[in-house]
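Since the model is a prediction, treat every value here as computed from it, not as a measurement.
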Amino acid sequence: MAAEVGQLSLRERISRRTQHGDAIFWGVALFFALVVVALVAAIGVVTFAGSSEARSLFGLRFLAGQEWNPVDTEVAPATFGAWPAVYGTLTTSLIAVLLAGPVGAFIGIFLSELCPQRLRAPLSFLVELLAAIPSVIYGLWGVAVFVPFYTQFIVAPVSATIGQAVPALGEPAASGGGIMGTGIVLALMILPTVASITRDVLQVVPNTQREVMLALGATRWEVIWGSVVPFARAGIIGGVMLGLGRALGETMAATMIIGNSTRLAPSLFDSGVTAASLVASELPNNNGPLHSSALIYIALVLFGITLLLNLSARLLVWQTARGPAGARA
Amino acid sequence: MSIRRAAPPNYAARKLVDRLMRGLTVVATGLAVAPLVVIIGYVLVKGGGSLNAPFFTQTYQAPVTMGDVGGTIDPNTGLPADFGAIDPNSGLPLENPALPAEEAPAAEPAPLGGVLHSIVGTLLITGLALLFALPIGLLTGVFLSEFPPNPLATFVRFCCDVLSGAPSIIVGVVAYVLVVQRAGSYSGVAGAIALTFLMVPTITRTTEEILKLVPNATREAALAMGAPLWYATFTVVLPAALSGIVTGVLLAFARGAGETAPLLLTVGGSNVLSFNLQDQMDALPLRTYYFTNSPFPAEYNQAWGTAFVLTAMVLLVNILVRVATRRRG
């Protein structure tokens with residue numbers, strides 16, 4: 001109810017005060033979105049700058065260097081060759097993906113195609129609960145329960161029989177989980193990732209795919225294998241790649257199980273290091289700036305690889321509705 | 001013509017393959033659920049034994065035996081009772097502060113302390129990280145969902161994916177270089193900053209997805225009443241999405257609480273109860289890791305108890321979130 005001419009009503013006064021609200025709102029939201037970009041940039045910049053000493057000294061042949069010895073002795077200076085870490089990372093992740101890829105895909109197939117409706121949600125929940133367990137718990141369980149079991153029932157018989165002929169499966173010089181044991185535990189850790197992504201991509205396959213095969217008289221497995229899975233093939237591969245990315249970066253379980261030996265050994269049952277476990281175990285008490293620079297160089301390479309991998313995986317797994325509960329891919 | 005005579009000649013084989021492969025998918029799912037049960041079972045059983053009142057209310061006490069020192073342990077500091085005592089005659093520190101022979105207690109192991117300092121540390125560090133990550137994640141989620149699509153939004157989403165796929169050790173390295181190396185010491189704040197990197201993508205993604213689920217009619221109703229966009233968002237849209245945002249925050253908390261690798265490089269762990277975030281602190285996953293590597297068998301057993309507390313906390317949050325999400329459908 002405007003009183004005299006020229007006097008603003010309450011509503012008009014509020015409107016004047018808040019008319020710039022939308023611009024401020026946009027600015028604030030933009031600012032925080034840019035903070036996210038800055039976080040990513042910080043990772044890139046810090047790892048790049050922190051590794052400058054090692055990069056200028058070693059260049060790319062750092063990755064092929066066979067010996068990692070951070071301690072200066074009288075006979076030889078400290079040498080930093082990342083190949084033991086690269087080899088350990090590649091082999092553990094490869095074993096993890098070879099085990100978890102097919103198993104995870106089959107779990108996804110079961111959960112989306114074959115599971116009774118009532119069991120679908122509880123079983124999916126249980127599988128995803130595997131992903132919620134902290135990795136240090138996997139490490140503790142691995143060291144205390146899995147490694148003794150695995151050493152007695154897998155390493156001993158295999159290395160005694162096949163290991164005599166195949167050096168990769170031979171007798172380990174050191175006890176402990178080693179590369180193969182770490183790979184198995186890593187497979188367990190990435191299983192929920194592959195399974196839930198496979199389940200999601202299979203659920204969005206249109207029903208016409210299934211109906212066509214059924215109309216031709218296919219068995220249920222033939223429907224799945226013949227038309228549903230090929231339709232979602234890109235998404236399943238994307239899920240496996242995301243699992244691979246997770247395996248590459250896994251630190252604590254690897255540090256606790258792998259045995260932390262930078263000596264290159266022929267047997268897969270023997271101890272080793274991964275890039276992540278090397279950084280985690282040596283960076284807190286490092287022997288000076290060159291050592292820490294070399295470790296940050298390894299971290300930089302690891303970041304680059306997981307970045308590329310996650311990027312291509314995301315491109316393959318197009319927008320599947322994961323829902324808020326599945327935010328932990 | 002009977003059905004059997006009309007069946008194609010290889011039908012029996014196809015049926016066998018069908019049954020076999022479908023059985024394999026069930027086996028695969030069992031391969032995921034069984035280890036989950038085994039791991040949680042071991043944590044419950046082995047960890048449950050370590051749980052008692054002192055475990056939750058005391059901090060670390062060194063596991064030394066009485067007989068060696070010949071004195072009593074002060075329960076508040078974990079050190080010998082007459083540590084730092086001064087000889088009244090000479091004014092110099094007593095070299096061997098021991099009780100007279102007839103008063104020397106029997107050699108019995110000092111009672112092991114508890115993990116109160118770890119619980120406090122985890123809550124403080126993760127809480128601070130949440131304080132950092134919440135505005136960033138929330139407003140970035142708002143930016144991505146409430147404003148029209150623009151190239152920056154796509155890039156921000158990509159950055160979120162990069163952050164969510166970044167190995168936790170890399171984030172620890174970044175916080176190590178940025179905070180620990182500059183300050184010259186470990187601190188809880190450095191750990192909180194590291195955890196922020198990991199929590200922001202979870203909160204952002206959850207917020208964005210939940211906001212997208214709010215029906216447009218709600219927004220339109222608010223705007224039709226004359227509310228500016230910022231007012232409509234904060235008073236109508238966000239409250240409608242509140243439960244989803246809370247689940248995202250809880251998931252981020254669970255993720256941050258379980259991470260060890262970033263804390264290994266930034267917080268360092270300690271044996272005393274400290275509420276000072278600028279000082280070295282302890283955290284549950286760190287304590288589990290250190291206890292697992294401990295040479296004292298008594299501490300090794302306590303690793304399971306610490307694992308129990310950590311797993312219970314993380315799993316309870318996850319179960320809570322799933323139950324809440326499922327009911328909302």
Donor-acceptor contacts, no H, no angles, side chain residues 22-31 of chain A, under 3.5 Å, sequence neighbours left out:
residue, atom, partner, partner atom, Å
A:Asp22, OD1, B:Leu229, N, 3.0
A:Asp22, OD1, B:Trp230, N, 3.0
A:Asp22, OD2, B:Leu229, N, 3.4

Practice task
Tell me, for A:Leu130 versus chain B, whether the close heavy atoms (under 4.5 Å) come from the side chain, the backbone, both or neither.
Solution key: both

Practice task
Using only heavy-atom distances, determine whether the side chains of B:Thr202 and B:Arg255 contain a donor-acceptor pair under 3.5 Å.
Solution key: no

Handout entry: Region of A:Leu39 that comes under 4.5 Å of a non-hydrogen atom in chain B
Key = both

Practice task
Tell me, for A:Ile109 versus chain B, whether the close heavy atoms (under 4.5 Å) come from the side chain, the backbone, both or neither.
Solution key: side chain

Completion exercise
When the 4.5 angstrom heavy-atom criterion is applied to A:Ile224 and chain B, the contacting part is neither

Completion exercise
The interface call for A:Leu123 against chain B, heavy-atom contacts under 4.5 Å, is side chain

Handout entry: SB check A:Arg199 A:Glu128 (cutoff 4.0 Å)
Key = yes

Problem - A:Ala144 versus chain B, the contacting section by heavy-atom distance below 4.5 Å - result: both

Problem - Pair B:Ser168-B:Glu259, side-chain donor/acceptor within less than 3.5 Å - result: yes

Fill in the blank from the handout: Closest non-hydrogen contact found for B:Leu211 with B:Ala241 is CD2-CB, 3.8 Å

Handout entry: Proximity breakdown for A:Ile137 and chain B, heavy-atom pairs closer than 4.5 Å
Key = side chain

Handout entry: Region of B:Ile136 that comes under 4.5 Å of a non-hydrogen atom in chain A
Key = both

Exercise for the section: Go through the atoms of A:Val103 and report whether side chain, backbone, both or neither lie under 4.5 Å from a heavy atom of chain B. Expected result: both

Handout entry: Top contributor to chain B contacts, counting heavy-atom pairs under 4.5 Å, from A:Thr251, A:Ile43, A:Leu140
Key = A:Leu140

Problem - Listed partners of A:Phe110 passing ring-ring contact (aromatic ring centres under 6.0 Å, His included), at least two apart - result: none

Practice task
Give, as side chain, backbone, both or neither, the part of A:Asn285 having an atom under 4.5 angstrom from any heavy atom of chain B.
Solution key: neither

Problem - Ion pair check, B:Glu209 and B:Arg205, cut-off under 4.0 Å - result: no

Fill in the blank from the handout: Whatever's closer than 4.5 Å to a heavy atom in chain B on A:Thr306 counts as side chain

